[in-house]
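Have a look at the structure below, then the notes.
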Amino acid sequence: MTIRTRFAPSPTGNVHIGNIRAAIYNWLFSRHAGGEFLLRIEDTDQERSTPAAVRTVLESLEWLGLDCDGEPLYQSTQRAHHLEVADRLLAQGAAYKEDKGGTGKGECVIFKMPGTDISFRDAVKGGLTKKAEDLKDFVIVRSDGSPVFHLGNVVDDITMGITHVIRGDDHVENTFKHLALYAAIGAPPPVFAHLPMIVNAQGKPYSKRDGAAYVGEFREKGFLPEALFNSLALLGWSPGDDREVMTREEMVAAFTLERVRSSPSQLDMTKLLWMNGQHLKRRGLDEIAAGCRAAMQRQGLWREDIDPAYFRAVIACMGERIRLFSDLGEQAAFFFTEEYPYDEKSVKKRLRKEGALDLLREELATLEAVEPFTAAATDAALHALAARTGRSMGDLVHPVRVAVSGTGVGPGLFDMLEVLGKERVLARIRRTLAMPVG
Ligand code: GLU
């Protein structure tokens with residue numbers, strides 16, 4: 001039997017990461033098994049399911065590399081078939097017509113629950129049961145003649161030959177209804193796997209307020225598709241060893257439903273940024289340089305006279321501090337301009353201290369004598385100064401850092417000095433010493 005999964009989004013204009021994670025799991029599961037991954041657009045809500053909303057879904061899938069087999073099935077094209085099935089259910093006595101609530105608007109088709117408990121084994125949650133008395137009859141065709149979600153969803157899964165339904169656990173309750181429909185229609189049900197919710201640090205459903213919640217937002221912020229893919233795949237699943245940074249192929253090879261956790265998965269922006277940095281590194285210096293350059297152009301920080309070799313040296317110096325392409329411009333603009341701002345707090349802490357400027361003058365004199373101006377040489381020179389004057393390296397490092405970069409945080413000082421070069425470093429220290437604030 002060919003394993004066949006599907007992603008069945010209702011296009012609303014945005015693709016929430018919870019939904020795309022379901023798509024990722026369906027894709028990983030079917031690719032692992034050498035099966036098929038299909039797309040069904042549940043576009044029966046005509047107002048929300050605009051062509052633009054559908055395009056957003058398709059773009060998100062494409063960006064993440066979630067290739068689908070065959071053409072997408074648009075649920076709206078299946079209406080006649082849904083109604084046919086409803087008629088059959090009526091004919092066999094599994095459904096009945098009723099003017100619900102006596103509104104006079106006409107009759108709905110209502111599915112009759114079997115009157116027995118319903119149980120199934122969820123591939124993630126294990127055995128689940130719902131008592132007969134908690135299973136109420138439900139509408140499958142509205143009085144206006146439109147099929148309801150439950151009917152369309154089940155009938156389409158049967159039409160498409162879906163063997164495994166992997167979806168969010170907000171659908172667990174629906175699954176009892178769906179199983180009753182499968183039984184009445186006389187079709188074998190698929191395996192169901194319900195994924196735990198994605199939550200924020202407070203354990204609440206993950207939303208826009210937690211940073212970004214839609215695929216498009218992560219893309220706009222500059223996340224790499226492979227990093228978002230990797231992070232979402234690990235939200236609720238693990239390969240069973242301590243690997244974290246993985247390629248798509250490695251995840252396909254390792255993916256099983258048995259390793260999907262049933263507890264809520266916490267999405268942590270810091271972790272996501274770290275993951276992005278890891279995948280960024282794998283892309284290599286040329287691509288990082290191109291990405292940072294494009295980001296700096298958007299930020300209005302790029303200048304055509306930035307030397308390519310210098311640009312690459314800055315990127316190498318920043319190393320893992322670049323987690324998003326935009327980080328370079330945001331954290332390290334001082335490499336590219338003499339008009340860098342001085343952070344008030346750092347100035348106060350490092351340069352307004354008693355004796356701080358005298359010390360900086362001594363450091364200037366020391367650095368003036370360093371030749372060639374390599375990281376090792378400036379490091380050795382300041383160490384010698386520390387030993388001679390009985391000061392700690394911390395005392396010496398911080399004032400120079402603030403003087404040449406305007407901030408108290410950044411890459412290793414001596415690497416930074418080497419990249420900036422002697423001339424720039426000395427000029428910046430002299431300028432800082434001459435500033436009225438000191
Ligand atoms: N359109 C439904 C949703 O997006 C489909 C659920 C399912 O995967 O069956 O929630």
Side-chain angles (χ1 to χ4, degrees), residues 3-30 35-50 53-61 64 66 68-69 72-79 82 85 111 118 120 122-125 128 138-140 142 146-182 185 187-198 205-207 213-216 232 236 257 260:
I3 299 281
R4 202 172 281 136
T5 64
R6 68 1 180 227
F7 178 42
S10 315
T12 59
N14 283 312
V15 184
H16 192 270
I17 48 166
N19 288 333
I20 207 72
R21 183 194 47 169
I24 289 173
Y25 282 26
N26 279 289
W27 185 87
L28 284 171
F29 181 73
S30 61
E36 294 176 354
F37 171 69
L38 311 183
L39 175 63
R40 175 169 79 243
I41 304 285
E42 299 209 328
D43 59 344
T44 49
D45 182 342
Q46 298 290 352
E47 266 164 47
R48 301 178 80 187
S49 304
T50 60
V54 173
R55 219 176 306 124
T56 304
V57 170
L58 298 176
E59 278 168 7
S60 299
L61 290 172
L64 287 164
L66 298 166
C68 305
D69 295 296
L73 181 84
Y74 288 83
Q75 187 159 62
S76 54
T77 65
Q78 300 300 301
R79 183 183 163 115
H82 300 159
V85 173
F111 181 75
I118 295 181
F120 72 102
D122 188 283
V124 172
K125 294 179 177 293
L128 299 173
F138 60 94
V139 177
I140 52 175
R142 296 184 194 87
S146 60
V148 164
F149 161 72
H150 304 296
L151 181 65
N153 188 266
V154 167
V155 170
D156 291 349
D157 278 340
I158 296 170
T159 306
M160 294 165 82
I162 299 304
T163 60
H164 293 73
V165 169
I166 305 170
R167 60 185 176 189
D169 68 4
D170 48 328
H171 285 289
V172 169
E173 289 300 308
N174 294 333
T175 299
F176 295 101
K177 295 189 173 91
H178 295 182
L179 285 166
L181 276 169
Y182 276 99
I185 295 170
V191 172
F192 286 97
H194 288 97
L195 306 175
M197 266 205 309
I198 299 180
Y206 196 91
S207 77
Y214 302 114
V215 175
L232 292 178
L257 286 176
V260 176

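What you are looking at is a predicted structure, and each value in this text was computed from that prediction instead of being measured. Each ligand, and each atom within it, is numbered from 1 in the order the structure gives.
A donor atom on one side chain and an acceptor atom on the other are found under 3.5 Å apart for Arg167 and Thr175. Asn19 and His16 share no donor-acceptor pair across their side chains, judged by distance under 3.5 Å alone.
Taking the side chain as every heavy atom from C-beta outward, Thr12 and Tyr214 never approach each other to under 4.5 Å.
Contacts of Arg6 classified as salt bridge (Lys or Arg N to Asp or Glu O under 4.0 Å), with partners at least two apart in sequence or in another chain: Asp157.
Closest non-hydrogen pair, Asp43 versus Gln75, comes out as OD1-N, 3.2 Å. The two atoms that bring Glu36 and Asp69 nearest to each other are CA-OD2, 3.2 Å, heavy atoms only.
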Please tabulate, one line per pair, the protein N or O atoms found under 3.5 Å from any N or O atom of ligand 1, giving the distance to one decimal.
residue	atom	partner	partner atom	Å
ligand 1	1 (N)	Ala8	O	2.8
ligand 1	1 (N)	Ser10	OG	2.8
ligand 1	1 (N)	Glu42	OE1	2.7
ligand 1	8 (O)	Arg6	NH1	2.6
ligand 1	9 (O)	Arg6	NH1	3.4
ligand 1	9 (O)	Arg6	NH2	2.8
ligand 1	9 (O)	Asn153	ND2	3.1
ligand 1	9 (O)	Arg167	NH1	2.7
ligand 1	10 (O)	His171	NE2	2.7

